[in-house]
Amino acid sequence: MADRVVAIGSEPLDPAEVVRLVSEAEPGGPSAANGAIVTFIGTVRGDNQGHRVLRLEYEAYEPLALRAFRLIVGETSGRWPGARVAFHHRTGRVELGEASVVIAASSPHRAEAFAACRYVIERIKQIAPVWKREYFEGGDVWIEGATADPDDERAREEAYRRSCA
């Protein structure tokens with residue numbers, strides 16, 4: 001893991017660590033006593049599109065992934081000024097039921113925490129250079145990864161719309 005607030009790497013994820021990052025006080029920053037903390041843990045599911053999934057493997061170009069992650073943090077702070085987000089993403093082989101991504105968002109109020117958390121996963125899917133290969137009974141396939149330009153305002157607004165739906 002390369003960073004505290006955002007990270008990517010092959011080590012198993014620790015949801016408690018990600019929650020701690022949005023819970024602790026920042027020196028000179030807002031109080032740690034936000035009224036809501038929302039977490040999202042993306043896990044490897046056992047079936048997809050009629051196939052029995054065996055595992056996933058994630059690949060990423062980590063410097064660009066971290067750049068995209070930091071951009072997402074900045075966008076989220078701009079949309080929900082009281083919200084704090086942290087997220088970590090796995091690479092490498094991830095077994096069924098294991099976490100591939102952990103996101104935590106804290107905010108003074110629950111609506112903003114939910115929206116910020118949802119916005120982060122939508123933007124990760126849109127712009128982070130992270131790809132996954134699904135291994136299932138009878139084969140494997142690359143699942144389409146990020147397709148949006150980070151500067152594409154329409155994609156950013158679509159992520160915002162989904163996060164507030």
Side-chain angles (χ1 to χ4, degrees), residues 1-24 34-73 75-76 80 83-107 110-148 155 158-165:
M1 301 289 172
D3 197 303
R4 286 178 39 91
V5 175
V6 294
I8 188 164
S10 60
E11 296 298 316
L13 301 176
D14 179 1
E17 168 66 11
V18 180
V19 168
R20 189 184 59 72
L21 292 170
V22 300
S23 303
E24 63 187 14
N34 273 332
I37 297 174
V38 171
T39 59
F40 171 78
I41 302 173
T43 58
V44 177
R45 64 177 172 258
D47 62 72
N48 186 34
Q49 299 183 339
H51 298 289
R52 184 168 173 258
V53 175
L54 303 174
R55 68 179 186 281
L56 295 177
E57 289 185 13
Y58 289 88
E59 291 189 13
Y61 182 59
E62 291 184 19
L64 286 181
L66 290 170
R67 184 186 312 170
F69 289 178
R70 290 184 189 106
L71 176 67
I72 293 167
V73 169
E75 289 176 357
T76 306
W80 297 278
R84 296 174 59 196
V85 297
F87 52 100
H88 295 172
H89 203 297
R90 279 284 296 272
T91 56
R93 183 176 174 145
V94 184
E95 302 295 336
L96 294 180
E98 288 187 325
S100 56
V101 63
V102 174
I103 302 167
S106 69
S107 179
R110 68 180 176 274
E112 292 83 7
F114 275 112
C117 190
R118 176 73 189 261
Y119 184 80
V120 168
I121 191 63
E122 295 296 337
R123 290 298 277 164
I124 289 172
K125 295 287 191 181
Q126 287 181 337
I127 67 170
V130 178
W131 302 274
K132 67 180 173 183
R133 188 175 191 113
E134 181 180 270
Y135 290 85
F136 54 87
E137 288 184 338
D140 59 88
V141 63
W142 282 101
I143 306 293
E144 186 173 337
T147 57
E158 177 60 19
Y160 180 68
R161 186 192 64 74
R162 289 181 182 184
S163 66
C164 295

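Atom-to-atom distance recorded for Tyr119:OH and Cys164:SG is 10.0 Å, nearest 0.5 angstrom. The distance from atom CG of Leu96 to atom OG1 of Thr43, rounded to the nearest 0.5 Å, is 9.5 Å. Within the model, atoms CD1 of Ile127 and OG1 of Thr147 stand 11.0 Å from one another, a figure rounded to the nearest 0.5 Å. Atom CD1 of residue Ile121 and atom NZ of residue Lys125 lie 5.5 Å apart, to the nearest 0.5 angstrom.
Ala104 meets the side-chain contact (heavy atoms from CB on, under 4.5 Å) test with Val18, Val19, Val22, Thr39; sequence neighbours excluded. In this structure Asp14 satisfies the side-chain contact (heavy atoms from CB on, under 4.5 Å) test together with Ala16, Glu17, sequence neighbours excluded. Judged as a side chain to side chain donor-acceptor pair (under 3.5 Å), and not counting sequence neighbours, the contacts of Asp140 are Arg133. Remark: Glu134 pairs with no residue by the salt bridge (Lys or Arg N to Asp or Glu O under 4.0 Å) rule, at least two apart or across chains. A search for side chain to side chain donor-acceptor pair (under 3.5 Å) contacts involving Glu137 returns Arg52, not counting sequence neighbours. Applying the side-chain contact (heavy atoms from CB on, under 4.5 Å) rule to Ser100 yields the partners Tyr58; only residues at least two apart in sequence or on another chain are considered.
Proximity of Glu57 to Lys132: side-chain heavy atoms (C-beta onward) are nowhere separated by under 4.5 Å. No side-chain heavy atom of Val102 sits under 4.5 Å from any side-chain heavy atom of Phe40. Proximity of Phe69 to Ile8: side-chain heavy atoms (C-beta onward) are separated by under 4.5 Å at one or more points. Thr76 is listed as a side-chain neighbour of Val120, based on a closest heavy-atom distance under 4.5 Å.
For the pair Arg90 (side chain) and Arg93 (backbone), a donor-acceptor distance under 3.5 Å is present. For the pair Gln126 (side chain) and Ala155 (backbone), a donor-acceptor distance under 3.5 Å is present.
The two residues Ala60 and Val130 make their nearest non-hydrogen contact at CB-CG2, 4.0 Å. Among all heavy-atom pairs drawn from Ala113 and Ser107, the shortest one is N-CB, 3.6 Å. Across every non-hydrogen atom of Ala159 and Arg123, the tightest pair is CB-CD, 3.6 Å. Nearest heavy atoms, Ile72 versus Ile124: CD1-N, 3.6 Å. Residues Ile41 and Pro15 approach most closely at CD1-CG, 3.8 Å, considering heavy atoms. Across all non-hydrogen atoms, the minimal contact from Val53 to Arg45 is CB-O, 3.4 Å.
Contact check on Glu24 versus Arg4 returns a salt bridge, with a Lys/Arg side-chain nitrogen under 4.0 Å from an Asp/Glu carboxylate oxygen. Checked for salt-bridge contact, Arg110 and Glu112 miss the test: no charged N lies under 4.0 Å from a carboxylate O.
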*Run the numbers on Leu56 and Glu95 for side-chain contact (heavy atoms from CB on, under 4.5 Å), then give the verdict.*
CA-CA 7 Å; Leu56 295 177; Glu95 302 295 336; over 6 Å; no
*Stepwise, does the salt bridge (Lys or Arg N to Asp or Glu O under 4.0 Å) test hold for Glu158 with Arg161?*
CA-CA 5 Å; Glu158 177 60 19; Arg161 186 192 64 74; 2.5 Å; yes
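Enclosure of atom CZ in Phe136 by more than 12 non-hydrogen atoms of other residues, nucleotides or ligands within 6.0 angstrom is indicated. Residue Arg67 qualifies as open at atom CZ: its count of foreign heavy atoms under 6.0 Å is 12 or below.
A distance below 6.0 Å separates the ring centres of Tyr160 and Trp80.
Tested against Phe87, the residues Val5, Val6, Leu21 include a single side chain to side chain contact (heavy atoms under 4.5 Å, CB included) partner, Val6.
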